[in-house]
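None of the values given here were measured: they were computed from a predicted structure. Just so you know, ligand 1 is whichever comes first in the structure, and atom 1 is the first atom listed for that ligand.
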Amino acid sequence: MRKKIIAGNWKMNKLAAEADQFVNDVTGNLPDDDHVEAIICAPFPFLPSLVEKSKGSKLKISAQTMHFEDSGAFTGEVSPSMLQDIGVTHVVIGHSERREQFGETDESVNKKVHAAFNHGLTPIVCVGETLDQREANDTMNHIETQVRKALEGLTEQQIAEVIIAYEPIWAIGTGKTASSEDANDVCMHIRHVVKDIAGKETANQLVIQYGGSVKPANVDELMAQSDIDGALVGGASLEADSFLKLVEAGTK
Ligand SMILES: O=C[C@H](O)COP(=O)(O)O
């Protein structure tokens with residue numbers, strides 16, 4: 001059985017004291033169940049403190065993006081070695097907000113995925129279609145292209161360790177969720193694509209999250225689907241109580 005991974009993506013929210021308080025509230029209350037993992041994807045300034053505060057707990061700390069180079073003249077950027085150095089374990093790559101607003105491409109996503117593995121970081125790779133693409137029946141093609149490009153050149157072992165987050169762009173922060181069946185169909189399609197690239201065994205190990213207006217009220221139905229192995233959650237991950245409910249849903 002694949003484990004469930006619930007990741008809270010805070011995006012550009014909270015101040016340092018609020019971030020620390022959240023982690024204090026959450027760490028002692030996570031379910032003692034190895035079938036579920038909990039991750040917080042925090043803004044860069046909070047990472048060292050959150051890594052420190054979460055030590056000895058089941059909470060893992062992730063960055064929300066990074067550069068693919070190790071060092072150099074890239075003003076404002078943060079490198080994979082910096083994240084590794086401070087004890088971050090995961091990094092979100094290719095979130096649709098990064099793709100739309102900060103010029104992230106399938107090529108840079110692929111470079112970042114390789115860089116993550118070169119530094120012992122687990123990539124959470126986001127893919128998803130726009131409303132136009134969905135209405136034009138282009139969802140499956142578009143997702144397949146994003147997945148194939150993101151995973152190019154990885155070993156089977158690395159592919160098995162990637163986390164893919166399927167996030168329909170029209171469902172992010174809008175309150176609109178894909179129906180559980182539609183979300184599962186796309187996640188199943190992702191698993192088929194990965195099976196074609198890296199074989200059945202690898203595809204069966206792959207964790208595929210759904211993201212887009214996930215909240216305590218709809219998480220159970222989503223987690224009950226055959227190919228949804230967790231969630232990447234924005235808004236509903238900002239409060240400790242709500243995040244804990246989402247993680248709890250991953251144990252069922
Ligand atoms: O990374 C998280 C997603 O963009 C979903 O955000 P949301 O839960 O606020 O819709």
>> Using the rule given for side-chain hydrogen bond (donor to acceptor under 3.5 Å, both in side chains), can you reason through Asn184 versus Ser226, listing the C-alpha separation, both sets of side-chain angles and the distance that settles it, and then say yes or no?
In response: CA-CA 7 Å; Asn184 195 50; Ser226 64; 3.1 Å; yes

> Would you call Arg148 and Asp106 a salt bridge, using N to O less than 4.0 angstrom?
Replying inline: no

> Would one find more than 12 heavy atoms of other residues, nucleotides or ligands at under 6.0 Å from atom NZ of Lys195?
Replying inline: no

>> Checking side chain to side chain contact (heavy atoms under 4.5 Å, CB included) between Gln209 and each of Leu222, Ile124, Asp229, Val233, which is the one that passes?
In response: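 Testing Gln209 for a side chain to side chain contact (heavy atoms under 4.5 Å, CB included) against Leu222, Ile124, Asp229, Val233 leaves exactly one candidate, Ile124.
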
> Which residue and non-hydrogen atom of the protein lie closest to atom 2 (C) of ligand 1, and at what distance in Å?
Replying inline: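 Nearest protein contact, heavy atoms only, for atom 2 (C) of ligand 1 is Glu167 OE2, 3.1 Å.
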
>> Considering non-hydrogen atoms of the protein only, which is the closest contact for atom 8 (O) of ligand 1, and what is the distance?
In response: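 Minimum-distance protein heavy atom for atom 8 (O) of ligand 1 reads Gly234 N, 2.8 Å.
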
Check this for me - ligand 1, [X], N or O atoms closer than 3.5 angstrom, yes or no?
{"X": "Ser213", "answer": "yes"}
{"X": "Glu97", "answer": "no"}
{"X": "Gly173", "answer": "yes"}
{"X": "Gly235", "answer": "yes"}

For ligand 1, does [X] get within less than 4.0 Å through its side chain, its backbone, both, or neither, judged by non-hydrogen atoms?
{"X": "Lys215", "result": "neither"}
{"X": "Ala171", "result": "backbone"}
{"X": "Ile172", "result": "both"}

>> Out of all atoms in ligand 1, which are within 4.0 Å of some heavy atom of Asn9? Include the element for each.
In response: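 So the answer, numbered in order with elements, is 1 (O), 2 (C).
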
> By number and element, which atoms of ligand 1 are closer than 4.0 Å to a non-hydrogen atom of Gly212?
Replying inline: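 Here the atoms of ligand 1 in question are 5 (C), 10 (O).
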
> Hey, are the side chains of Val186 and Arg134 touching, using non-hydrogen atoms and a 4.5 Å cut-off?
Replying inline: yes

>> Less than 4.5 Å apart, side chain to side chain, heavy atoms only: is that true for Leu83 and His119?
In response: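 Not in contact.
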
>> Pair His142, Glu129 - check side-chain hydrogen bond (donor to acceptor under 3.5 Å, both in side chains), show working.
In response: CA-CA 7 Å; His142 176 71; Glu129 82 284 3; over 6 Å; no

> Of Gln101, Glu167, Gln64, Glu100, which is the lone residue that meets side-chain hydrogen bond (donor to acceptor under 3.5 Å, both in side chains) with His95?
Replying inline: Glu167

